[in-house]
Structures are given as structure tokens and as C-alpha cells.
Protein chains: 2
Amino acid sequence: MSTITNKINYQQMDKESRRTGNITLKEVAEAVGVSTMTVSRVINNRPNVDEKTRKKILEAAKKMGYTPNHVAKSLVSSRTYTIGVIIPEISHSFFPEVVRGIEEATNNKNYQIFLTNTSDNFGKEQKVLNALRSKRVDGILVSSSLTTDDFSFYKLIIKSGLPLVFFDRGIEDIGASCIGVNDKTASRQITEHLISHKYKRIGYLSGPKRVSIGKERFNGYIEAMTRHNLEIDERLIIENGFNEKCGYAAMNELLALPKEIWPRAVVAVNDPVAFGAMDAIREAGLSIPNDIAIVGFTDDIRAKLVACPLTTVQQPAYEVGKKAASKLIRTIENKDEPVETVELITKLVIRKSCGC
Amino acid sequence: MSTITNKINYQQMDKESRRTGNITLKEVAEAVGVSTMTVSRVINNRPNVDEKTRKKILEAAKKMGYTPNHVAKSLVSSRTYTIGVIIPEISHSFFPEVVRGIEEATNNKNYQIFLTNTSDNFGKEQKVLNALRSKRVDGILVSSSLTTDDFSFYKLIIKSGLPLVFFDRGIEDIGASCIGVNDKTASRQITEHLISHKYKRIGYLSGPKRVSIGKERFNGYIEAMTRHNLEIDERLIIENGFNEKCGYAAMNELLALPKEIWPRAVVAVNDPVAFGAMDAIREAGLSIPNDIAIVGFTDDIRAKLVACPLTTVQQPAYEVGKKAASKLIRTIENKDEPVETVELITKLVIRKSCGC
DNA sequence: GTTTCGAATGTTAGCGATAACATAAATTAT
DNA sequence: ATAATTTATGTTATCGCTAACATTCGAAAC
């Protein structure tokens, strides 16, 4: 008895208060007078369906405005054709370009992307990661804003078998692929370019060294200084975040030092940091590059436009995104895809801020 | 008999070749020795569960690394807590800011966003819209790249009851809310600013007039010209797309006219178009603003940095995104939410390109 | 000590689709 | 014409979870 009541209730709901106006396979099947399986076969272009039935079903489906319910499909197949993308700062022009690349690669393969912007907040990063797991994304692309050394979270995800690829900012030796650029080499080269200007006291505005780009770029700077036997003055190395404000603050920290030990030139971990630093330099009434030269990293859209055009390293952002997404998709679709670290090639862009 | 075989197969698959390493409610239930319903109640913080059982279940769930399967939940509830976002050009700095605003609003309410970049390609827009429908997003935010007059597609979606909110580029009288700015007024004002410089021949580089911003901004220009009794020379009005290349092409079209009828000033539908036009003007060996003055719309990140800083209209991009997302969420969560058109207030930013 | 009630827990069916098998219908082969 | 194959179609159970109802159990009420 109760069973029957139950059934009736559901049917009533079906007819009276369905929240979504969506047609189901079953409804199409009933309209045509076949079983759901036959409709399913037609919708998915499977063989063994009579041409006449196929046509009838297709017509009915179209007329009724049938849209396959991908949620149900995902439940059966354990595949969502969805990728989670986590970026630290969408306002930094590098990232929209990366996203464009990701989009390009994923769309071709019929994946959708969940985009989330963490604003460099690791708490949010964790929260989002959990949401993405719950939504059963097929894989995750992430440029981590990690600033603590708690990698356990990522380790868990990777161990759980959920494909994950880092781009730009990766975490090393954690068993995930990472698509970035030749950070260390490029950083060494641009520092050497400053050295070729005969500057001796060269400061460094660093990002968090926990993150691959933070560490690698810093190492490149150190390598350049060491190779050329220049003194590495710890006081001239300021570690802070990756954005403009951080650059501004870091530069002001340098300018708060006694004038005698001021750097003659500064290497910034990226362009936003360089822009922030440039503001600080200008506000201090100093001239770029005559008093203090500066170089960046990224080739932000503004780099060539600022008052003193910024010498920087051009990163293939679009390519990074595209490669990372392709790698992730391969990892998703083929469980033997190897873990690898890819370094794309950058290009030194000499402008004025270095003193050229 | 066959039924039994079937059962065995499924069980084998369960144990041997489960693709996902994900724990299910059922497994947690078995581990603790209760029914799935009880676990469900605990996970969802429902009442009527003994404190001891609750604790035991929570512990087991944590130890086993249980993550709720949101796909299954969505199937039951017909709610995905997912919003589709369609933008025409992620490279245009206006849009990342909008996305940041959208992110802000959606994340607070625990929605995820599917981001798709159509590259101003309506074919892709349609394809994506279908994918989003299939994935049963709870609502859609779109800045349409529509260039034909085939609105039927949107009409269908709106009629189907799927909440949809336009932002920036909307389609009028179609029964959906639109969050934009006071395009017409702002466009009139900036044109009037040029008029205040005593320019008489003022050209207009238009976007597609099918789209709200295309039409409204154009109307603002016309209104300004009319109010001040200036001749509207059809030859000085070029309709093209919204990006830099289009601006470049459009401006060159103007410059191909006989010199006598060249415009003395040009209003561009947005900043990228203005930048493209500026390139064309410079390439023609002309000076901005001395030979040809120009103004834009957007206040792109580059506007203040270009050789001749661009006079433009500052749009509250972040706000547009945030408002649009909030409106959409309200529309999703409350079926009586009214359809409305919101115009946020812009600000004229006077720089040099107008001749000031 | 039985009844009554509410809290704790369990059972069943269903969300919309598909895999795997079963069966009916149409062909082909013999 | 009948058996052997295909081909077309249907049935059932399942994905992981939850609503709705059913049941159990202990404690208060009589």
C-alpha cells in the first residue's frame, strides 16, 4: 500500500511541480512508443536501430526540445568532462592569456572548465579544491597560491588518483606534472643583462620561495651573481607576494635602508611586482633607470607602455595554458601518461628600464 | 538466472576495476554498521541522529576520506550549484575584472562557474550554450557575441525557464535581466566632450548594433550630434567588431576617404577599438590629438599608459560582474525575482587623446 | 505494567541515464 | 519450409544519493 502511495506521489510531482522543464529520455520514449534504451541508442548514435525508428525518435526529440542530462550520464560513467582550473589572480594579465590557452585545448576535446580565482588565498584554494572534488571533475589544473609548507592537501589529492597538473606555479617532487617556463635560466639571463650594465649592487624582489617560480627565479638571480663574483647582500633580497602592492611594499623596504647600501638595480620576480616597485621608486623622487634600474618577468600587457618601458622576460602564457590543459587531458584519458615537468622557452625583451 | 549473472558482474566491477578511488556513502555506512540514510543525515547535518553514532560516522568518513558525490546529489535535487559564464573575449581587460566580480558573488554562495570564452564566435557560443544546458547549470551569465539577428536560440533557453542574465552585451526585450552601464548617456557625454573642443566632423567607430552596447553607445553619439546641430555624415560611421583589429580596420576605412571629409575627431565604441584606431592614425603619419582626436569607452588597463593617454569612460567592471552574478543567483533561488535592466554609473576620464 | 509518543534508524523507490543481458522480429542459409 | 543468424528492441539492475514513509526502541505518561 505504502509503495503505491509513494509511486503516485512521484508521478504527481512529475506532472505538476517538476522544477526543471527538461524532457527526459523516458518522455521521448513514451511519445514515440519505444523503450528508453532505443532512444538512448539513437541519441548516442549507436548502431542497430531501424532507420525509420531512428528518424521518428530524432524528430520527436527535437520537437520536444530534448537535451541529454549530462549529470545522469556522469553518474553512470564516472566521467564529467569537466576540469577544475585554479588561478591565483585573474587580474594579472598573464592569467587571462593562460585561461585562453586552456580554453582552447579543453574546448576542442569537449571539456568544460570550472574557473576559480583564489586571490592568492590558500584557504580559498583548499575550499575550492574540495568543491571540485565533490563535483567530480575529471582533473585539476592549478597554479598554486600556496604560501605555507602544507603540501599534504595536494599529496592527498594526487594519491587519490585525481589527475592534477600544475602550471606556472608548481610544487616540486609531489608526483604531478608541471608546465612552466625556464624560470631559472631566464632569471639568470636577465640578471646578467643588468650585470652587463656594470651594476654591482643588485637587489632582488622575491616571491614566496615555496612555489616553483619563486624558488627558480631566485636561484637564477643567485647564479648570475655568483658566476660574476658579485656580492649577494641579504639585505637587498626582500621576499613578498606576487602582486603590485607587494612590489610596492618590498621596494619601500629597500629604500628604507641607508642610502649607501641601496641597490643600483633591482630584479623583480614578475612584472606586477616591478610596477609596484617602480611606483615606489618614483614616489621617492628617484629616476628609472638613472638612479635605480629595474627589470621584471612576464611581459605584462603594460610593460611596453609604462613611463619607462620595462625590460622583462616574455612568457608564452597562451602556450603554457594550452600545453597544461593538453597534458591534463592526456593524463585523464590515458593512465600511463608519464609525470613530467615541461619548461617552455622564454624571450628576453630589452626595453629602457634596465638602462639600455 | 540472467539477473544473477548481472549482479555478479557489477559486484566484480565494483571491487576490481572501479575507476574512481572515491568512497561512497554506502561504504561508510557498512564500515560503521548503519544504513546509508543515517550516514546521509550526518553528512548533511540533519537532526535526529544519536550523538554517538554521529561521532562514529564522522570519524569513519574522515578516516576513509569520504567526499560527497555532488553529481549524484545533483541528479536527485535537480540543482548543480553551477553557473555557466560566457564571455566574448577574455583578453580584453574588461572581462577578467568582470569575472573577478562574478567569482566573488558566486563563491560566497557556493556556486562554481563554468567559464567559456567564445572569441566572439557565435557558433561557439551556441555550442557552449548547449553544453551548459546538458550539464544542467542552474543559470547562465552571458555577454553575447551575437552578430546575426537569430535570437531564437536565446528565446528558447529563456522560455525553457533556465535563468539567464546578460551582462555588458545584452539582447533587449527578450525577457532576461541585463546588467550593464549607462551606455547611451556616457556615450553622449563623451561625444559632447569632443564637441566642446569645437570639433565639427566627428566620426564613429561602431560595434555591431544588434548588441545592446553597440546600439546604445551609437545612439548616445547620435544624440550628442543632434543636440548640437552637427551634421551626421554616414560616411564617417563605420560598423565593425569590438576588438583592436576591428578598430584598426575601421579607422583605415575612414582614412581611405578623401582628405576633405576626414573626421577631425573619432568616438570609438570601446578602448580596444580606439587602440587599433590609434595605431592606424599613427601609421598614417598623423598626430593624436592634433590631426585627429579620439576617445574610447571602458578605461582599459592600458588607457592611461598609451603614448597619448586615452580619454575614455570608466566602467565598473568588477561591479558589473558582481551585480550580474547576484541577480542571477536571486533569479535561481527565487522564482518571483523580477526581470530588470540595471545601468551602473560610469565616469568620464579625461586624458589627452581628446585634445585636452 | 501497558500505552503512547518521539527520537533514532531502516527500507524502498526514484532522480535520468546506460551496460549487460534477454527477447522478438526480420533475414539468411540450408 | 525450417533452422540459424542477424538485427531491432526491450528488461533489469545499477551509478550515489535522498525523500518519504516504515519501523524500532526507549522513555515518559497513564
Side-chain angles (χ1 to χ4, degrees), chain A residues 1-14 17-20 22-30 32-54 56-57 66-80 134-136, chain B residues 1-14 17-20 22-30 32-54 56-57 66-80 134-136:
Chain A
M1 178 53 199
S2 72
T3 312
I4 291 169
T5 314
N6 200 342
K7 228 173 199 163
I8 289 176
N9 272 350
Y10 266 97
Q11 286 179 350
Q12 281 179 341
M13 202 180 78
D14 236 53
S17 68
R18 198 201 333 266
R19 283 137 301 189
T20 72
N22 291 316
I23 304 298
T24 69
L25 260 193
K26 197 171 153 202
E27 287 168 308
V28 176
E30 273 161 12
V32 180
V34 295
S35 75
T36 60
M37 226 18 246
T38 303
V39 180
S40 171
R41 279 187 265 257
V42 170
I43 298 295
N44 294 289
N45 251 306
R46 293 272 170 67
N48 296 337
V49 178
D50 188 83
E51 218 30 66
K52 266 194 302 201
T53 0
R54 164 166 269 128
K56 255 197 296 186
I57 291 174
Y66 173 70
T67 325
N69 184 328
H70 204 282
V71 174
K73 209 165 172 165
S74 293
L75 184 58
V76 174
S77 65
S78 298
R79 292 275 275 113
T80 54
S134 255
K135 293 205 172 163
R136 295 293 189 262
Chain B
M1 176 56 199
S2 70
T3 314
I4 291 169
T5 315
N6 201 340
K7 230 175 199 163
I8 290 177
N9 273 351
Y10 266 98
Q11 287 179 350
Q12 282 180 340
M13 202 181 78
D14 237 51
S17 67
R18 195 198 339 261
R19 284 136 302 188
T20 74
N22 291 316
I23 305 297
T24 69
L25 260 193
K26 197 171 155 202
E27 287 168 306
V28 176
E30 274 162 12
V32 180
V34 295
S35 76
T36 60
M37 222 22 241
T38 304
V39 181
S40 171
R41 278 187 265 257
V42 170
I43 298 295
N44 294 290
N45 252 304
R46 292 273 169 68
N48 296 338
V49 178
D50 188 81
E51 218 30 67
K52 267 195 301 201
T53 355
R54 165 166 269 130
K56 255 196 297 186
I57 290 174
Y66 173 71
T67 325
N69 185 326
H70 203 283
V71 174
K73 208 165 171 165
S74 292
L75 184 57
V76 174
S77 66
S78 298
R79 291 278 273 113
T80 54
S134 255
K135 294 206 170 160
R136 295 294 189 259

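Here is how names work: the chains are called A, B, and so on, in the same order as the sequence lines, proteins then strands, and each is numbered from 1.
- Taking only side-chain nitrogens and oxygens, T24(A) never comes nearer than 4.0 Å to OP1 or OP2 of dG16(C).
- Residue K26(B) places no side-chain N or O under 4.0 Å from the OP1 or OP2 atom of dC17(D).
- One finds no side-chain N or O of T53(A) lying less than 4.0 angstrom from the OP1 or OP2 phosphate oxygen of dA8(D).
- T38(B) has a side-chain polar atom (N or O) that falls below the 4.0 Å cut-off from OP1 or OP2 of dG10(C).
- Residue R136(A) places no side-chain atom within donor-acceptor reach of the base of dG16(D), judged by atom type and a 3.5 Å distance cut-off alone.
- Minimum atom distance to the side chain of N48(B) is reached by dT9(C), of the listed dT9(C), dT9(D), dT18(C).
- OP1 or OP2 of dG16(C) has not a single side-chain nitrogen or oxygen of K73(A) nearer than 4.0 Å.
- The side chain of A72(A) lies closest to dA17(C), out of dG10(C), dG16(D), dA17(C).
- Using a 4.5 Å cut-off on side-chain heavy atoms (C-beta onward), V32(A) and V39(A) make no contact.
- For dA19(D), one of the phosphate oxygens OP1 or OP2 lies less than 4.0 angstrom from a side-chain nitrogen or oxygen of R46(B).
- Residue S40(A) places at least one side-chain N or O closer than 4.0 Å to OP1 or OP2 of dT18(C).
- In this structure, CG in N69(A) is found 9.0 Å from CG in L25(A), a value given to the nearest 0.5 Å.
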